[in-house]
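Each remark here refers to the structure printed beneath this line.
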Amino acid sequence: MSMKVMVLEKQGGPLQYKERPIPTPGVGQVLLKVEACAVCRTDLHLLNGELPDIRYPIIPGHEIIGRVVECGPGVTLTKGERLGVPWLGYSCGECRYCLQGKENLCDQARFTGYQIDGGFAEYTLADHRFCFTISATYSAAEAAPLMCAGLIGYRSLVMCGEGLQSLGIYGFGAAAHIVAQVAKRQGIKVYAFTRPGDEASQRFAQHLGAAWVGSAEQSPGVMLDAAIIFAPVGELVPIALRAVRKGGAVVCGGIYMSDIPSFPYALLWGERQLRSVANLTRQDGRAFLSLASEAMIQTRTTCYPLHAANEALVDLREGKLTGAAVLVMEPPSASEINDVYP
């Protein structure tokens, strides 16, 4: 049997719509029938060759929601069970980072849709130990952005520190619209910074309860306790540092960022912190998904069929989206339902 996939065969793309054999799960693996896979800015960095050591050909996609079809040796999951597959697809479990609960920093880590074929496909393989159970309160399309945009936003917020009263968010896209809801639930005022003239994103931030919206060059008139930069623009770092009070943190939430320009030490002085977020841990996933379900965190999505993945990537690159782009697969046929979900 074969499946449809969107595969990146060379730097710059575009993705190619092809057929491949449906893979067979090995030891510790689970075969999932993909229901939805969100499109992330990291997929653009992959396409542009901005990540190191890309393995071609590769199927992108690391925000996957799918149903269990078949289990490999050593896996006892129920057919039809719905799982989420995140960016972190493997860690060694033995190095100093893994043993300290920092598996996101493991030197042997492998990542979904980058070193492991991902979810821009009708079926995908995953290590069952790195999958998450997904609440039935979310549709597949609604849940998909939680697997990266939600997780990275949550980890970024945690790294901002405790006792926050105000939070700046630079770049109001998929991750920002989720973390803004978490922050608001915690009583934190959100200040949303967008590109100049991006009125759609500013209206979206206002709709989600932001205390202030404007462009990155503008001042909200208050000093912020912390700031998260989701836009991959290094020039925002000194701007954010200038907006943060003494003792505050600026957290860079992306896997890739353009070069940070030099800036005067005075912007960092006063025990301000400049930090990066690297990937995620499974504990992050469990904590965030529990919180998201309890707090009824909502996601806004624009859905595309699998074969329109290139269109989704263009829309993301050109800033045409509010919320997240999600590839939604064809629903299973009656015969598949009877066979896969008894």
Side-chain angles (χ1 to χ4, degrees), residues 1-24 31-49 51 54-69 82-87 89 111-126 134 138-149 173-174 299-337 339-341:
M1 293 179 63
S2 63
M3 64 177 182
K4 301 290 196 306
V5 304
M6 292 296 289
V7 60
L8 178 64
E9 297 188 328
K10 61 180 181 179
Q11 181 177 328
L15 305 182
Q16 301 294 319
Y17 188 55
K18 294 198 169 185
E19 285 198 5
R20 280 190 177 181
I22 296 176
T24 300
L31 176 67
L32 301 176
K33 181 170 179 60
V34 178
E35 295 185 317
C37 184
V39 181
C40 179
R41 186 162 292 278
T42 299
D43 298 317
L44 283 178
H45 298 317
L46 181 77
L47 197 72
N48 296 339
L51 305 183
I54 299 170
R55 175 181 68 82
Y56 300 103
I58 184 70
I59 299 172
H62 56 274
E63 300 179 85
I64 307 167
I65 305 297
R67 300 272 182 178
V68 175
V69 173
R82 190 166 68 154
L83 300 178
V85 183
W87 172 246
F111 303 102
T112 310
Y114 174 24
Q115 288 129 353
I116 304 168
D117 279 334
F120 287 14
E122 292 180 317
Y123 293 84
T124 194
L125 291 176
I134 302 299
Y138 291 102
S139 70
E142 291 169 338
L146 301 177
M147 290 296 98
C148 182
T299 59
R300 177 178 289 190
T301 62
T302 301
C303 294
Y304 302 77
L306 175 62
H307 63 77
N310 286 310
E311 179 184 339
L313 287 164
V314 169
D315 288 348
L316 176 60
R317 178 183 285 116
E318 296 181 354
K320 295 180 178 179
L321 301 167
T322 53
V326 180
L327 304 183
V328 178
M329 311 308 158
E330 292 292 328
S333 66
S335 61
E336 285 179 308
I337 291 173
D339 181 44
V340 176
Y341 312 131

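Using a cut-off of 4.0 Å between Lys/Arg side-chain N and Asp/Glu carboxylate O, Asp43 and Arg317 are scored as not salt-bridged. Between Lys33 and Glu122 there is no salt bridge, since no side-chain N of the basic residue sits under 4.0 Å from a carboxylate O of the acidic one. Under the 4.0 Å criterion applied to side-chain N and carboxylate O atoms, Glu311 and Lys320 are not assigned as salt-bridge partners.
Looking at every heavy atom in both residues, Pro60 comes nearest to Leu15 through CG-CD2, 4.0 Å. A pairwise comparison of heavy atoms in Arg55 and Asp117 identifies NH2-OD1, 3.5 Å as the closest pair.
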Evaluation steps, side chain to side chain contact (heavy atoms under 4.5 Å, CB included), between Arg82 and Arg67 | CA-CA 4 Å; Arg82 190 166 68 154; Arg67 300 272 182 178; 3.8 Å; yes

Step-by-step side chain to side chain contact (heavy atoms under 4.5 Å, CB included) determination, Tyr123 to Val34 | CA-CA 5 Å; Tyr123 293 84; Val34 178; 5.6 Å; no

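Pro145 has its side chain within reach of Thr301: a pair of non-hydrogen atoms, C-beta onward, lies under 4.5 Å apart.
Between the side chain of Gln115 and the main chain of Phe111, a donor-acceptor pair closer than 3.5 Å is present. The backbone N or O of Ala149 sits less than 3.5 Å from a side-chain atom of Glu63, completing a donor-acceptor pair.
Rounding to the nearest 0.5 angstrom, the gap separating the CG atom in Leu47 from the CD atom in Gln11 is 9.0 Å. Leu51 CG to Ile58 CD1: the interatomic distance, rounded to the nearest 0.5 Å, is 11.0 Å.
Each of Ile64, Val85, Ile65 was checked for a side-chain contact (heavy atoms from CB on, under 4.5 Å) with Met147, and the lone residue meeting it is Ile65.
Between Tyr114 and Trp87, the ring-plane angle classifies as parallel under the 30° and 60° cut-offs.
In the model, Asp315 has a side-chain atom that pairs as donor or acceptor with a side-chain atom of Tyr304 under 3.5 Å.
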